[in-house]
Every structure is written in C-alpha cells, then in structure tokens.
Amino acid sequence: MTVGDRIRARRIELGWSQARLATETCRAAGVGPEALGRQEIYRYEKGIRTPRDWLSAIAQALGVSVHTLSGDEPGKSEDSLSGVWHSQYTYISTGKGEITRHHYVIMRQIGNRLHGESLPGSNDSPIFLDLTRDGFALTGTWTERTAAEGRYKGAVYHGALQLIVEPTGRGMAGKWVGFDKSFTVDSGPWALSYETADTSRRALFRFNRAPSA
C-alpha cells in the first residue's frame, strides 16, 4: 500500500469525506481551513502528490502515527491509544447530587500497558490511570487527588476502572468503582474521547485548560 492508500483506508474507516479530512488536518496543524482543501486530499490519496509537509498533521487528524501512514513501522501502531484525551466521569455527591468532572488526560501506551495523567491546568483535582489492554478491553485502576482547598480537602481516592475502546480508536467508555469518604463503595460512568495524537509541548500547552463540558 502507498501512503495515499493508507490515508484513504483510514479516512473511510472513520466514515469521513475528503473535505472532512482536509478540515480536521487544518485543525490539527493549527491553521485556517483555507490552507488545505479537498482537492489536495484527493491528490494525496491518488498518489499525484506526496503530502510531505502535511503528513504529520494528517496523521494527527486520523489518530495514527506518521510511521503508520508511511508504512515503515512494524506492528499495528494505529492501535496505539497514546495522545491527549478528554476524560469525564460522574459521581453522586451527598450535598450536591450528580456531578461530572472533566479533565484533559495525556495517555501513553507502551505495549499493552497504558498510563494516563491529567494536565494540571484542566482540573485542580488531578487523576491518574494505570490500565492494561486486551483487545478492545481496558482494565486497571484510577487515583484522584482532590484539591487541597476544595470540598474534599485534599483527600486521595482510589478505585478500579474498566473501559471498552470504540473500533475507530477515538473513544472509550465504561464504569469506575471506588469508595467515598464514608467508605461506601460506589460506581458510575467514565468516558474518554480522543483529541489528538500530538503530545508535543505546544499541544500540551493548548490542552492545559479546563475542558468544555
């Protein structure tokens, strides 16, 4: 397969048009939508042109590595879940009812192990994930260190987490289980949505903020 073939195959897998890929590529590159059009994506897929300057941004938009598109990396690197994810989970507060917390989390996958850590600017109560992957299933633990000045006075909570990865690799959802401050075991939904494979300093700076709900 050529680079163009791999771009086309991944685009079709995601259900995107060439115009959609062009838009997402511009977003990944941090430029305006006029910088790359549908015709250029068409030329790349047909092999009329080689996307040298755009290959990294195309890979980010498609959620795969540059090596995957260029075909020079062994194994299935397109299966990697490394990158920045928008995490949200819901729990019941005794005083406030249902609460949903949002974080931007940087996920790093090495083999079948994943470690996630929230970016400090995304929430004042950081979370940490340690997961093992078996196909589409992720199983492991979570830890939250609540804000020292917040309602829970810097308490640290732990629990278990199981998630199912979507076939596209752009989302995962499941449930957490853990104990509250009265040591009652609770559970609730937890989901993460893919933002970008880019974990450069520039990308982390861009996501080091509170996510939109």
Side-chain angles (χ1 to χ4, degrees), residues 63-65 75-201 203-204 206-213:
V64 299
S65 72
K76 293 187 175 181
S77 59
E78 66 267 23
D79 287 342
S80 176
L81 299 176
S82 296
V84 178
W85 295 73
H86 177 184
S87 166
Q88 60 181 62
Y89 63 91
T90 301
Y91 67 97
I92 303 298
S93 168
T94 304
K96 296 184 177 181
E98 186 175 278
I99 294 177
T100 299
R101 283 191 179 273
H102 297 262
H103 299 75
Y104 280 125
V105 175
I106 179 169
M107 299 285 286
R108 294 184 174 91
Q109 179 175 342
I110 301 176
N112 69 334
R113 299 297 300 275
L114 287 92
H115 175 74
E117 182 173 341
S118 61
L119 295 173
S122 67
N123 196 294
D124 59 4
S125 295
I127 58 172
F128 306 87
L129 309 176
D130 282 293
L131 304 165
T132 299
R133 184 174 187 182
D134 182 7
F136 290 115
L138 298 175
T139 303
T141 62
W142 60 270
T143 300
E144 179 181 8
R145 297 175 184 166
T146 62
E149 303 300 323
R151 175 182 176 85
Y152 300 103
K153 307 299 182 182
V156 178
Y157 295 101
H158 311 272
L161 177 64
Q162 189 159 52
L163 304 166
I164 301 298
V165 182
E166 294 177 359
T168 63
R170 299 180 72 85
M172 51 183 102
K175 288 193 173 183
W176 61 268
V177 61
F179 60 87
D180 61 21
K181 62 181 180 179
S182 63
F183 296 100
T184 299
V185 176
D186 295 319
S187 66
W190 198 317
L192 295 97
S193 56
Y194 172 86
E195 294 288 342
T196 180
D198 187 3
T199 56
S200 66
R201 182 178 299 180
L204 299 188
R206 181 160 60 98
F207 286 102
N208 192 30
R209 58 177 174 79
S212 300

*For Gln162 and Thr139, does a side-chain donor sit closer than 3.5 Å to a side-chain acceptor?*
yes

_Could you go through Leu138 and Leu81, starting from their C-alpha distance and side-chain angles, then the distance that decides it, and tell me whether this counts as side chain to side chain contact (heavy atoms under 4.5 Å, CB included)?_
CA-CA 11 Å; Leu138 298 175; Leu81 299 176; 4.0 Å; yes

_Hydrogens and angles aside, do Tyr89 and Glu144 bring a side-chain donor and acceptor to less than 3.5 Å of each other?_
yes

_Polar side-chain atom of Thr146 near backbone of Ser125 as donor-acceptor pair, under 3.5 Å_ = no

*Tell me yes or no: between the side chains of Arg108 and Ser82, is some donor less than 3.5 Å from an acceptor?*
no

*Tell me, do Asp198 and Val84 make a side-chain contact under 4.5 Å, heavy atoms counted?*
no

*Compare every heavy atom of Val165 with every heavy atom of Gly169, then report the nearest pair and how far apart it is.*
CA-CG1, 4.1 Å

*When rounded to the nearest 0.5 angstrom, what is the spacing between CD in Gln88 and NE2 in His103?*
11.5 Å

*asked:* The criterion is ring-ring contact (aromatic ring centres under 6.0 Å, His included); which residues satisfy it with Phe136, sequence neighbours excluded?
replied: none

*Kindly say whether Asn208 contributes a backbone atom to a donor-acceptor pair with the side chain of Arg206 at under 3.5 angstrom?*
no

*Using a 4.5 Å cut-off on heavy atoms from C-beta on, say whether the side chain of Met172 contacts that of Trp85.*
yes

*Run through Leu163, Thr90, Leu161 and flag the one making a side chain to side chain contact (heavy atoms under 4.5 Å, CB included) with Trp176.*
Leu161

*Is the backbone N or O of Ser80 less than 3.5 Å from a side-chain atom of Gln109, with the two atoms forming a donor-acceptor pair by type?*
no

*Check whether any side-chain heavy atom of Met107 lies under 4.5 Å from a side-chain heavy atom of Val105, and answer yes or no.*
yes

_Please verify the inter-ring angle class for His158 with Phe179; under 30° counts as parallel, over 60° as perpendicular, anything in between as tilted._
tilted

*What is the distance from atom CG of Leu131 to atom OG1 of Thr141, rounded to the nearest 0.5 Å?*
7.0 Å

Determine all donor-acceptor pairs shorter than 3.5 Å in which one atom belongs to a side chain in residues 115-122; sequence neighbours excluded.
{"from": "His115", "atom 1": "ND1", "to": "Leu129", "atom 2": "O", "distance (Å)": "3.3"}
{"from": "His115", "atom 1": "ND1", "to": "Asp130", "atom 2": "OD1", "distance (Å)": "3.0"}
{"from": "Ser118", "atom 1": "OG", "to": "Ile127", "atom 2": "N", "distance (Å)": "3.0"}
{"from": "Ser122", "atom 1": "OG", "to": "Tyr104", "atom 2": "N", "distance (Å)": "3.2"}
{"from": "Ser122", "atom 1": "OG", "to": "Leu119", "atom 2": "O", "distance (Å)": "2.7"}

*asked:* With heavy-atom distances below 4.5 Å as the criterion, would you say the side chains of Trp190 and Trp142 are in contact?
replied: yes

*Please lay out, stage by stage, how Asp134 and Asn112 fare under the test side chain to side chain contact (heavy atoms under 4.5 Å, CB included).*
CA-CA 7 Å; Asp134 182 7; Asn112 69 334; over 6 Å; no

*Taking atom CZ of Arg170 as the centre, does the number of heavy atoms from other residues, nucleotides or ligands within less than 6.0 Å exceed 12?*
yes

